[in-house]
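Take a look at the structure below.
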Protein chains: 2
Amino acid sequence: MGITKTDLFTENQNEIAILAKAIAHPARVAIIEYLIKVNVCICNDIVNELPLAQPTISQHLKELKNAGIIKGNIEGNAICYCINEPVFYKIQGLFGAILPIQNKCC
Amino acid sequence: MGITKTDLFTENQNEIAILAKAIAHPARVAIIEYLIKVNVCICNDIVNELPLAQPTISQHLKELKNAGIIKGNIEGNAICYCINEPVFYKIQGLFGAILPIQNKCC
DNA sequence: TTTATATATTGCAATATTACGATATAGTTT
DNA sequence: AAACTATATCGTAATATTGCAATATATAAA
């Protein structure tokens with residue numbers, strides 16, 4: 001199989017999973033961290049920053065963009081990327097919202 | 001390939017990625033939410049709660065345990081599962097720590 | 001308009017993930 | 001001990017992910 005049965009879970013559970021999956025690769029974590037550091041940059045800056053080939057970076061950027069975590073605007077012949085703040089705050093909200101635990105199990 | 005080049009990234013970046021990957025499946029999100037709700041339960045409760053086969057649940061539990069998000073203690077012939085609080089708080093810390101954004105890009 | 005720069009897409013190989021039936025293991029009850 | 005309950009592991013099929021070379025596309029500069 002290898003196919004996730006998304007229809008068996010709630011929309012919220014799937015949303016959390018999709019956002020988490022977008023972050024579930026060190027290169028994408030690095031991209032996010034870099035974007036936060038420099039605020040705005042073009043794709044080529046990221047290619048120069050990370051030790052991965054340009055098509056690989058492009059692919060990771062696409063996944064981050066699909067998840068809504070970053071956005072990119074055309075600027076001349078380059079593309080200006082930045083964090084998509086609302087979604088980013090949503091992520092922090094999602095993981096924060098799970099919070100109240102009170103288990104005295106093991 | 002299909003293999004993540006973890007050696008090219010920092011330990012912190014890899015750690016965030018590993019924790020995010022553990023959450024990157026709706027079934028595992030559902031398990032976490034359930035464990036938070038009931039505090040403590042045995043594996044079979046989760047099998048009854050979720051619409052997936054027992055070996056599939058067992059596999060997801062293993063991944064959550066490997067990531068350190070949950071822990072399980074033998075209790076008779078059953079296994080008592082619960083959230084591993086320190087790691088759980090760490091997750092919230094990690095995603096919270098990325099926070100300060102100030103981009104006026106697009 | 002040729003050349004250079006920036007990014008995306010395609011195609012492919014290697015590996016990982018998801019899901020589950022069948023089966024193994026181990027404690028519990030009868 | 002035999003039967004039952006709870007969980008893990010094995011094996012396998014289907015699909016997804018990762019990474020990159022080659023190539024396409026599109027704007028900019030010369």
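Residue numbers start from 1 in every chain, and the chains themselves are labelled A, B, ... in the order their sequence lines are given, proteins ahead of strands.
- Atom CG in L64(B) sits about 14 Å away from atom C1' in dT17(C), given to the nearest Å.
- A heavy-atom distance below 4.5 Å is not found between the side chains of E15(B) and E11(B).
- With rounding to whole Å, I70(A) atom CD1 is found 14 Å from dA8(C) atom C1'.
- Residue-to-nucleotide contacts include a donor-acceptor pair under 3.5 Å from the side chain of N77(B) to the base of dT5(D).
- Of the candidate nucleotides dT17(D), dT7(D), dT15(C), dT15(C) has the atom lying nearest to any side-chain atom of I3(B).
- Distance CD1 (I46(B)) to C1' (dA8(D)): 14 Å, rounded to an integer number of Å.
- Between the P atom of dT7(D) and the CD atom of E75(B) lies a distance of 11 Å, rounded to the nearest Å.
- Nearest nucleotide to the R28(A) side chain, out of dC20(D), dA19(C), dT18(D): dT18(D).
- Of the inter-residue distances, the one linking D45(B) atom CG with I57(B) atom CD1 reads 11.5 Å to the nearest 0.5 angstrom.
- In this structure, E63(B) atom CD and dA16(C) atom P are separated by 13 Å, rounded to whole Å.
- When the P atom of dT18(D) is taken as reference, atom CG of L8(B) falls 14 Å away, rounded to whole Å.
- Picking from dA6(C), dC20(D), dT18(D) the nucleotide with the shortest atom distance to the side chain of N44(A) gives dA6(C).
- Residue-level contact check: I74(A) touches neither bases nor backbone, having no heavy atom under 4.0 Å from any strand.
- The side chain of Y81(B) contributes no N or O atom lying less than 4.0 Å from OP1 or OP2 of dA6(D).
- Counting only distance, with no hydrogens or angles, the side chain of N14(A) and the backbone of T6(A) share a donor-acceptor pair below 3.5 Å.
- Along DNA chain C, the nucleotide closest to D45(A) and the one closest to K5(A) are compared, and the more 5′ of them pairs with D45(A).
- The interatomic distance linking D7(A) (CG) with dT18(C) (P) rounds to 15 Å, in whole Å.
- With sequence neighbours excluded, the residues forming a side chain to side chain donor-acceptor pair (under 3.5 Å) with Q13(A) are T10(A), E33(B), listed by chain and number.
- The shortest distance between side-chain heavy atoms of V87(B) and L19(B) falls below 4.5 Å.
- By the 30° and 60° cut-offs, the orientation of the rings of H25(A) relative to H60(A) is tilted.
- For DNA chain D, the neighbouring residues in residues 53-62 of chain A, judged by any heavy atom under 4.0 Å, are A53(A), P55(A), T56(A), Q59(A), H60(A).
- Rounded to whole angstrom, the span from the NE2 atom of H25(B) across to the P atom of dT17(C) amounts to 12 Å.
- Residues T4(A) and P51(A) both approach DNA chain D. Their nearest nucleotides, taken by heavy-atom distance, put T4(A) toward the 5′ side.
- The side chain of K21(B) has dT17(C) as its nearest neighbour among dT17(C), dC20(D), dT7(C).
- Across I31(B), T56(B), V47(B), a single residue satisfies side chain to side chain contact (heavy atoms under 4.5 Å, CB included) together with L61(B), and that is I31(B).
- Looking at heavy atoms from C-beta onward, I23(A) lies in side-chain contact with I91(A) at the 4.5 angstrom threshold.
- Nearest nucleotide to the I79(A) side chain, out of dG19(D), dT7(D), dT7(C): dT7(C).
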